[in-house]
Amino acid sequence: MNTLDNILEEINKAESIVILTHENPDGDAIGSGLALYNALKQIGKNPDIIIPEYPRTFEFLPGSNEIKKESNVEKYDLAISVDCATIKMLNGFANYFENAKVKVSIDHHSTNTMFGDLNYVSPDAPACAQILLVVFEYFKIEVTKDIGTCILAGIITDTGGFKYSGVTSETFEFVAWLLEKGINVSKIYRKVLQTKTRANFELNRIAINRLEFFEDGKVAFTYITKEDEESVNAESGDHEGIVETGRDIEGVEVSIFVRETDKGCKVSMRSNEYVNVSDVCLLLGGGGHIRAAGATMQCTIEQAKEKILRQIKSVI
Ligand code: AMP
Ligand code: MN
Ligand code: MN
């Protein structure tokens, strides 16, 4: 039996299942979670999906109105975590995972710590949602329009709209297949990537004004404070995309964005061609992918900036 056989066996056995994902969920986290939620319902299961807070942008995804903020089930038979590299990133909701009788992690982060009893991790996949395509095919679960929509939202998010290097021919085959099914791909694309909230725009404006260059223009650094977020009435996810602005500037190899939160400084790092930001973030206590990674640092923004720039100096 391989891992997927074992996971399917646990799904079939379980009477109570909970689906979880990482804190500050992005489109891949929510899309993967809801794809799995809809798929499990389709095979007669009645899972819970718990995501305390997520950006309004994703309210169009099928099943999102059934997302719970918490649950009073103390011990689920099975907990499945999607798009999450470490137990720590499940945040305060790790207890549902830790208390469950059987724990499964389905993910695509190369820095995944294999924190499940069963781990299905494919670091080559550009999005966790794309792994689910393989999983559902193996489980013989039909990918309906609803499931396809959730998966597409995940893939579009994590590939920046099919433009990052992780995109494979399977990605485009899947999109072609969705188009044949009559799914409005461009509408989903627009909803996921092009609809900015006003607060997101205002935060971007602040971050752009503050952006500094280092290492002969190869490094871009910017940040936002809690006060900034309060001043624009920011909601969950309104900081998304700010780190991309620096990366898109000619000559920049690494873009760094630091966000002050109640839990410390959240660092987002992106690279273009040769710097492995996952390695850099591992040294800062985080992780991620080669071209997109992050970490949480317990210090001030100034201290974070100094530490990060020191690490970057040796790899740029
Ligand atoms: P972000 O900049 O928050 O969008 O994160 C970029 C990538 O790095 C995502 O795939 C995250 O899941 C991952 N990541 C961010 N922070 C951490 C962390 N503290 N530990 C491990 N992976 C992380
Ligand atoms: Mn994610
Ligand atoms: Mn992902």
Side-chain angles (χ1 to χ4, degrees), residues 19-36 51 54-55 57-58 81-91 94 105-115 120-133 150-160 164-167 171 192-193 200 207 220-224 236-247 254-261 263-271 275-298 304 308:
I19 299 166
L20 303 162
T21 188
H22 65 77
E23 61 180 339
N24 291 314
D26 49 37
D28 190 29
I30 301 158
S32 297
L34 285 173
L36 184 60
I51 306 179
Y54 64 94
T57 333
F58 298 108
S81 156
V82 289
D83 194 41
C84 188
T86 65
I87 188 114
K88 218 170 131 197
M89 288 186 71
L90 289 172
N91 197 7
S105 163
I106 300 177
D107 185 34
H108 70 129
H109 293 89
S110 56
T111 54
N112 187 295
T113 55
M114 304 292 175
F115 57 98
Y120 189 72
V121 180
S122 309
D124 290 339
C128 182
Q130 190 166 314
I131 299 176
L132 289 179
L133 272 180
C150 296
I151 290 179
L152 183 64
I155 293 177
I156 289 174
T157 302
D158 268 23
T159 61
Y164 300 154
S165 52
V167 170
T171 316
V192 172
L193 282 188
N200 177 261
F221 176 92
T222 191
Y223 66 92
I224 53 171
S236 164
D238 278 336
H239 61 280
E240 291 293 338
I242 292 178
V243 68
E244 316 296 341
T245 308
R247 169 157 72 177
V254 179
S255 172
I256 304 153
F257 166 58
V258 177
R259 177 175 163 243
E260 189 187 34
T261 74
K263 292 177 200 130
C265 283
K266 297 250 179 200
V267 182
S268 281
M269 226 178 265
R270 302 289 186 267
S271 65
V275 172
N276 183 333
V277 285
S278 169
D279 282 353
V280 178
C281 286
L282 266 177
L283 292 171
L284 301 170
H289 312 283
I290 295 173
R291 302 277 172 259
T296 303
M297 299 170 75
Q298 302 303 331
I308 297 164

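As the structure lists them, so they are numbered: ligands from 1, and atoms in each ligand from 1.
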Would [X] and [Y] count as having a side-chain donor-acceptor pair, cut-off 3.5 Å?
X: Asp83; Y: His22; value: yes
X: Asp107; Y: Asn112; value: yes
X: Thr171; Y: Gln130; value: yes
X: His108; Y: Asp158; value: yes

Looking at [Y], is its backbone amide N or carbonyl O close enough to the side chain of [X] to form a donor-acceptor pair, meaning the two atoms are under 3.5 Å apart?
X: Thr111; Y: Gly288; result: yes
X: Ser271; Y: Val275; result: yes
X: Asn276; Y: Arg291; result: no
X: Thr261; Y: Gly264; result: yes

What I'd like to find out is whether the side chain of Ser32 reaches to under 4.5 Å of the side chain of Cys150, using heavy atoms alone.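 Ser32 does not reach Cys150 side chain to side chain.
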Can you tell me the protein heavy atom closest to [atom] and the distance?
atom: atom 7 (C) of ligand 1; value: Ala292 O, 3.5 Å
atom: atom 9 (C) of ligand 1; value: His109 NE2, 3.7 Å
atom: atom 15 (C) of ligand 1; value: Gly294 CA, 3.4 Å
atom: atom 23 (C) of ligand 1; value: Gly287 O, 3.3 Å

If you look at His22, which of its N/O/S atoms is nearest to the Mn ion (ligand 2)?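 The nearest such atom is NE2.
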Of the N, O or S atoms in Asp26, the one nearest the Mn ion (ligand 2):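 Within Asp26, restricted to N, O or S, the Mn ion (ligand 2) is closest to atom OD2.
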Numbering as shown, the atoms of ligand 1 that approach [X] to under 4.0 Å (heavy-atom distance):
X: Ala295; value: 16 (N), 19 (N)
X: His289; value: 10 (O)
X: Gly288; value: 8 (O), 13 (C), 22 (N)
X: Gly286; value: 18 (C), 19 (N), 20 (N), 21 (C)

If the cut-off is 2.8 Å, does any N/O/S atom of [X] fall short of it from the Mn ion (ligand 3)?
X: Asp158; answer: yes
X: Cys128; answer: no
X: Asp28; answer: yes

To the nearest 10°, what's the angle at the Mn ion (ligand 3) between atoms OD1 (Asp83) and NE2 (His108)?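 Vertex at the Mn ion (ligand 3): approximately 90°.
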If you measure from atom 6 (C) of ligand 1 to every heavy atom of Met269, Arg270, Arg259, which option wins on shortest distance?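 Of the listed residues, Arg270 has the closest heavy atom.
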For ligand 1, is any non-hydrogen atom under 4.0 Å from [X]'s backbone (N, CA, C, O), its side chain (CB onward), both, or neither?
X: Lys266; value: neither
X: Met89; value: side chain
X: Ser268; value: both

Regarding Arg247 and the six-membered ring of Tyr164, is the cationic atom NZ or CZ under 6.0 Å from the ring centre and inside 45° of its axis?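 Pair Arg247/Tyr164 counts as cation-pi.
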Given salt bridge (Lys or Arg N to Asp or Glu O under 4.0 Å), test Lys266 with Glu260 step by step and report yes or no. CA-CA 6 Å; Lys266 297 250 179 200; Glu260 189 187 34; over 6 Å; no
